[in-house]
Amino acid sequence: MAKILVTGGCGYIGSHTIVDLVEHGYECVSVDNYLNSDPSVLEQIASITGKKVKNYPVDLVNKEALKEVFKQEDIYAIIHFAALKAVGESVEKPLLYYRNNIEGQINLLECALQNNIYHFIFSSSCTVYGQSDHLPVTEETPIAKAESPYGYTKQVCERIIEDSIRNKEMNACLLRYFNPAGAHDSLQLGESPINPPMNLIPVITEVGIGSRPELKVFGSDYETRDGSCVRDYIHVMDLANAHTKSLQYLESKNVDFGDAEVFNLGTGEGTTVLEAINSWEEVSGEKLNYSIVDRREGDIPAIFADYSKAKESLGWDPKRGIGDIMKTAWGWEKIRRENIVK
Ligand code: NAD
Ligand code: WQD
């Protein structure tokens, strides 16, 4: 049976997507060099699905090693997650981000084109929109000048895919994620990064468990309903399922080869930072230690998605809200901490 190559399959969104793919009957193989993950994720995937997924610990930047993977495996579709993703770090180390995210993807696309891969799905980000005058943002919302090297890699990688598949026997989905968070319902899989997380929800759960002293809320004087920033938090399993649906869409007869289609993946609901804290407090029954500090440079006041295109074309509809995100993120954090203490 031909397989799906998942790059970054040991990372946060990649591992949850493998679970959803396997549960929908797909066979997967991963390429992940453990830059921000570790091999124990493969056991967690196996314990949920009953299937052992093989990972090649190969750096996408190493083209010769990548070519070998394509020789070993019969691959017909690629879901490309592998990238560095810390906005602040990308400002400090732009060349690292350009080499890893852009050169890695060029190597992957070259291998894909040489090996007659039909379908390509890419992890893009709502960061490409910057702050839009019109909310919610649609796929037609103009792309803004990138605020960070990380954001620029997403814009460039989207363009590279569009240009390189034109007139080729390959089609693509460019998936713009809003703010992914939460864990698998079984609490056997969740976010386990090597680098300390900087995103709001894992920071909240780490403060809750006591591994960080407090949450700093970046700004309370924005023109939003409570003064804190608004984001569209999307449960990681809803997001994972969007990849399965995108693959089914590309496999259907509705999409021509040579096309790269963009989809927003969010819930359409905005949540403020203070509402997110409140949600954690409701789920945990505890008070969170937080303080309000100055705005964080580069933060936009508000963004949330119009996902009607994904709903119509992919048949995708997110099922979970901020409460489900907090419940699973908090449950996962407690289990993870117990395992670390053991
Ligand atoms: P993650 O860091 O958990 O997963 C990425 C995985 O890719 C890691 O396991 C890492 O080891 C691997 N990797 C990185 N560079 C590699 C390379 N050169 N060769 C092989 N493996 C490599 O991140 P994630 O949150 O799962 O994000 C997945 C994708 O989604 C990324 O492209 C990210 O930019 C994008 N994205 C993430 C978010 C978010 O908030 N998590 C939002 C929008 C878009
Ligand atoms: C959310 C809100 C912060 C931490 C980033 C990337 C974006 C995309 C998603 C990859 C903001 C506030 C946060 C904290 C806080 N990733 N916050 N205290 O900034 O929307 O997007 O992740 O593509 O590209 O930029 O997500 O989780 O960092 O922040 O007050 O300690 O929480 O100011 O309003 P963001 P985030």
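Counting starts at 1 for both ligands and their atoms, following the listed order.
- In this structure, Tyr233 is part of the shell of residues with a heavy atom less than 4.0 angstrom from ligand 2.
- When Asp59, Val61, Asn100 are checked for heavy-atom proximity to atom 15 (N) of ligand 1, Asn100 turns out nearest.
- Contact atoms of ligand 1 toward Tyr12: 1 (P), 3 (O), 4 (O), 25 (O), 26 (O) (distance under 4.0 Å to a heavy atom of the residue).
- Ionic pairing of Glu206 and Arg336 is present here: one or more N-O contacts between side-chain nitrogen and carboxylate oxygen are shorter than 4.0 angstrom.
- In this model, no donor atom of one side chain and acceptor atom of the other lie less than 3.5 Å apart for Ser123 and His80.
- The single protein non-hydrogen atom nearest to atom 21 (O) of ligand 2 is Asn179 ND2, 3.8 Å, given as residue, atom name and distance.
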Take Glu103 and Lys63 through the salt bridge (charged side-chain N to carboxylate O under 4.0 Å, His left out) test and state the conclusion after the steps. CA-CA 9 Å; Glu103 190 177 331; Lys63 188 161 174 205; over 6 Å; no

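- Taking any N or O of Phe218, backbone or side chain, at least one lies under 3.5 Å from an N or O belonging to ligand 2.
- Looking at Ile79, Asn36, Val128 and measuring to atom 2 (O) of ligand 1, the nearest heavy atom belongs to Asn36.
- Side-chain contact, Asn171 with Tyr249: no donor N or O sits under 3.5 Å from an acceptor N or O.
- A salt bridge is defined here as a Lys NZ or Arg NE, NH1 or NH2 lying under 4.0 Å from an Asp or Glu carboxylate O, and Glu139 with Arg176 fails to meet this definition.
- When hydrogens are left out, the protein atom nearest atom 11 (C) of ligand 2 is Arg231 NH2, 3.8 Å; that is the closest non-hydrogen contact.
- Atom 37 (C) of ligand 1 has its closest protein heavy atom at Ile13 CD1, 3.8 Å.
- Of the charged side-chain nitrogens involved, at least one lies within less than 4.0 Å of a carboxylate oxygen, so that Lys309 and Glu261 count as a salt-bridged pair.
- Remark: ligand 2 atoms within the under-4.0 Å shell around heavy atoms of Val217 are 30 (O).
- Remark: minimum distance from atom 16 (C) of ligand 1 to any protein heavy atom is reached at Asn33 OD1, 3.5 Å.
- Phe263 has its ring centre no less than 6.0 Å from the ring centre of Trp316.
- Annotation: atom 22 (O) of ligand 2 to nearest protein heavy atom, Asn199 ND2, 3.1 Å.
- Ser291 and Glu214 share a donor-acceptor pair across their side chains, judged by distance under 3.5 Å alone.
- When heavy-atom distances to ligand 2 are checked against a 4.0 Å cut-off, Ile303 has no atom that comes that close, whether in backbone or side chain.
- By the criterion of a heavy-atom distance under 4.0 Å, the side chain of Tyr150, and not its backbone, is placed next to ligand 1.
- Under the 4.0 angstrom criterion for non-hydrogen atoms, Gly104 is not in contact with ligand 1.
- Residue contacts with ligand 1, taken as heavy atom pairs separated by less than 4.0 Å, involve Val58 solely via the backbone atoms N, CA, C and O.
- Considering backbone and side-chain atoms alike, Lys85 places every N or O at 3.5 Å or more from each N or O of ligand 2.
- Looking at Leu200, Val230, Val207, Thr271 and measuring to atom 27 (O) of ligand 2, the nearest heavy atom belongs to Leu200.
- Using a 4.0 Å cut-off between a side-chain N of Lys or Arg and a carboxylate O of Asp or Glu, Lys311 and Asp306 do not qualify as a salt bridge.
- For the pair Arg295 and Tyr222, the distance from NZ or CZ to the six-membered ring centre is under 6.0 Å and the angle to the ring normal is within 45 degrees.
- Neither side chain, Asp32 nor Ser30, offers a donor N or O lying under 3.5 Å from an acceptor on the other.
- Under 4.0 Å from ligand 2, the heavy atoms of Val87 that appear belong solely to its side chain.
- Heavy atoms of Ser124 found under 4.0 angstrom from ligand 1 belong exclusively to the backbone.
- A salt bridge is absent between Asp20 and Lys245: the closest approach of a Lys/Arg side-chain nitrogen to an acidic carboxylate oxygen does not fall below 4.0 angstrom.
- In terms of polar-atom proximity, defined here as any N/O pair under 3.5 Å, Gly11 does make such a contact with ligand 1.
- Using a 3.5 Å distance cut-off with no hydrogens or angles, the side chains of Tyr233 and Glu269 do not pair a donor with an acceptor.
- At least one N/O-N/O distance between Leu60 and ligand 1 falls below 3.5 Å.
- Atom 24 (P) of ligand 1 has Lys85 NZ, 3.7 Å as its closest protein atom, hydrogens excluded (heavy atom only).
- The closest approach between a heavy atom of Tyr177 and any atom of ligand 2 is not below 4.0 Å.
- One side chain, Tyr307 or Asp317, offers a donor N or O that lies under 3.5 Å from an acceptor on the other.
- Scanning Ser125, Pro180, Ser123 for the heavy atom closest to atom 35 (C) of ligand 1 points to Ser123.
- Among protein heavy atoms, the minimum distance from atom 23 (O) of ligand 2 is reached at Tyr150 OH, 2.5 Å.
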Asp185 vs Arg320, test: salt bridge (charged side-chain N to carboxylate O under 4.0 Å, His left out). Steps then yes/no. CA-CA 11 Å; Asp185 289 326; Arg320 302 157 175 96; 3.4 Å; yes

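- Of the candidates Tyr177, Tyr34, Phe81, Tyr177 brings a heavy atom nearest to atom 30 (O) of ligand 1.
- Heavy-atom proximity to Asp299, at under 4.0 Å, picks out these atoms of ligand 2: 3 (C), 19 (O), 33 (O).
- Considering every non-hydrogen atom in both Ala310 and Leu265, the closest pair reads CB-CD2, 4.0 Å.
- Here is the list of ligand 2 atoms found below 4.0 Å of a heavy atom in Ser125: 8 (C), 10 (C), 23 (O), 24 (O).
- Inter-residue side-chain proximity for Ile106 and Ile160 is flagged as met; some heavy-atom pair is nearer than 4.5 Å.
- In summary, the atoms of ligand 2 found under 4.0 Å from a heavy atom of Leu215, numbered by their order in the structure, are 14 (C), 18 (N), 31 (O).
- Under the 4.0 angstrom criterion for non-hydrogen atoms, Lys216 is in contact with ligand 2.
- No part of His80 comes within 4.0 Å of ligand 1, judged by heavy-atom distances.
- With respect to the salt-bridge test (charged N to carboxylate O, under 4.0 angstrom), the residues Lys327 and Asp324 do not qualify.
- For His243 and Tyr177, the ring centers are positioned less than 6.0 Å apart.
- For ligand 1 and Leu35, the ligand atoms under 4.0 Å from any heavy atom of the residue are 11 (O), 14 (C), 15 (N).
- Which parts of ligand 2 touch Cys229 is read off a 4.0 Å heavy-atom cut-off, strictly below it: atoms 34 (O).
- Taking the charged nitrogens against the carboxylate oxygens, Glu338 and Lys334 have no contact shorter than 4.0 Å, which rules out a salt bridge.
- Residue contact check: Met198 has heavy atoms under 4.0 Å from atoms 4 (C), 28 (O) of ligand 2.
- Screening Pro180, Ser15, Pro202 for a side-chain contact (heavy atoms from CB on, under 4.5 Å) with Glu191, the sole residue that qualifies is Pro202.
- Compare Gly8, Cys157, Ala83, Ala86 by their heavy atoms: the one nearest to atom 14 (C) of ligand 1 is in Ala83.
- Contact atoms of ligand 2 toward Thr127: 24 (O) (distance under 4.0 Å to a heavy atom of the residue).
- Here the shortest heavy-atom distance to atom 8 (C) of ligand 1, taken over Ile194, Val31, Asn62, Asp32, belongs to Asp32.
- The proximity of Ile201 to ligand 2, defined as any non-hydrogen pair under 4.0 Å, does not occur for either the backbone or the side chain.
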